[in-house]
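Here's the structure, in structure tokens; my notes come after.
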Amino acid sequence: MKYPAGIQKSNVTSNSRKKKVQYGHRGMTLEKDIDTTNKYYLNTNRAIIHKKPTPITVVNVDYPSRQKAKITEAYYKTPSTSDYNGIYRGKYIDFEVKETRNETRFPFINIHEHQVEHMRKCHEHGGIVFIIMRFHAHDEVFLYPIEKFLIHWDNYKLKNGRKSIRYEDVKCDSHIITEKFNPRFDYLQVVDELYFGMR
């Protein structure tokens with residue numbers, strides 16, 4: 001796929017050998033967990049929340065056999081919005097899923113400007129909007145309200161501020177989502193407390 005998040009960046013290691021770091025598909029492990037959670041919500045009629053498909057234009061396809069067609073080159077038709085949306089307790093819900101292996105901060109390179117602006121508009125129109133964020137180094141998953149995130153984002157974009165959010169700030173402004181068997185990450189429990197005043 002030809003997309004900014006899918007580029008490879010080379011870093012030089014301590015022994016001067018180059019190591020390729022793949023920057024595409026960030027958040028895929030967490031996304032699978034959220035997909036499992038959303039399936040549970042749907043099956044129990046708790047909420048209707050789906051991952052949004054991103055339309056692509058296929059350019060080249062490899063046909064090693066009839067059953068194993070493989071897309072070798074494709075382009076995103078339009079910039080994607082956020083990862084998930086749906087309805088819960090009569091309210092529109094919209095969120096992004098991100099994860100980082102950085103121990104001390106969440107770099108803004110992990111999220112695209114058009115995604116942030118889409119979430120800002122959804123928030124301004126009264127939707128429940130947040131980012132589900134995993135810090136692998138701390139084995140923690142947070143529900144980060146968009147209004148808290150935007151404080152740091154706007155400081156970065158408008159005032160040439162920090163290019164990341166410190167882990168301590170995320171932890172202070174977010175709510176932990178605990179991992180369970182089923183649903184895997186019950187983020188709607190946090191939504192109930194935060195947006196509906198339920199405990």
With [X] via salt bridge (charged side-chain N to carboxylate O under 4.0 Å, His left out) - residues at least two apart:
X    : answer
K91  : none
K157 : E113
D35  : none
K39  : none

(request) Would you mind listing the cluster partners of V129? Hydrophobic ones only (ILVMFWY), side-chain contacts under 4.5 Å, chaining allowed. (result) F106, F108, I111, V116, M119, I131, M133, F135, F142, Y144, I146, F149, L150, W153, Y156, I165, Y167, V170, I176

(request) Each residue besides L158 in its hydrophobic cluster should be listed here, by chain and number; the cluster joins Ile, Leu, Val, Met, Phe, Trp and Tyr at side-chain heavy-atom distances under 4.5 Å. (result) none

Which residues satisfy the side-chain hydrogen bond (donor to acceptor under 3.5 Å, both in side chains) test with [X], sequence neighbours excluded?
X    : value
T104 : N102
D154 : R120
R89  : D192

(request) Scan residues 103-112 for pairs that pass salt bridge (charged side-chain N to carboxylate O under 4.0 Å, His left out), counting only residues two or more places apart or in two chains. (result) none

(request) Can you sort out the partners of I87 under side-chain contact (heavy atoms from CB on, under 4.5 Å), two or more places apart, ordered by chain and number? (result) I48

(request) For N85, enumerate each residue passing the side-chain contact (heavy atoms from CB on, under 4.5 Å) test, keeping only those at least two apart in sequence or located in another chain. (result) K52, Y92, D94

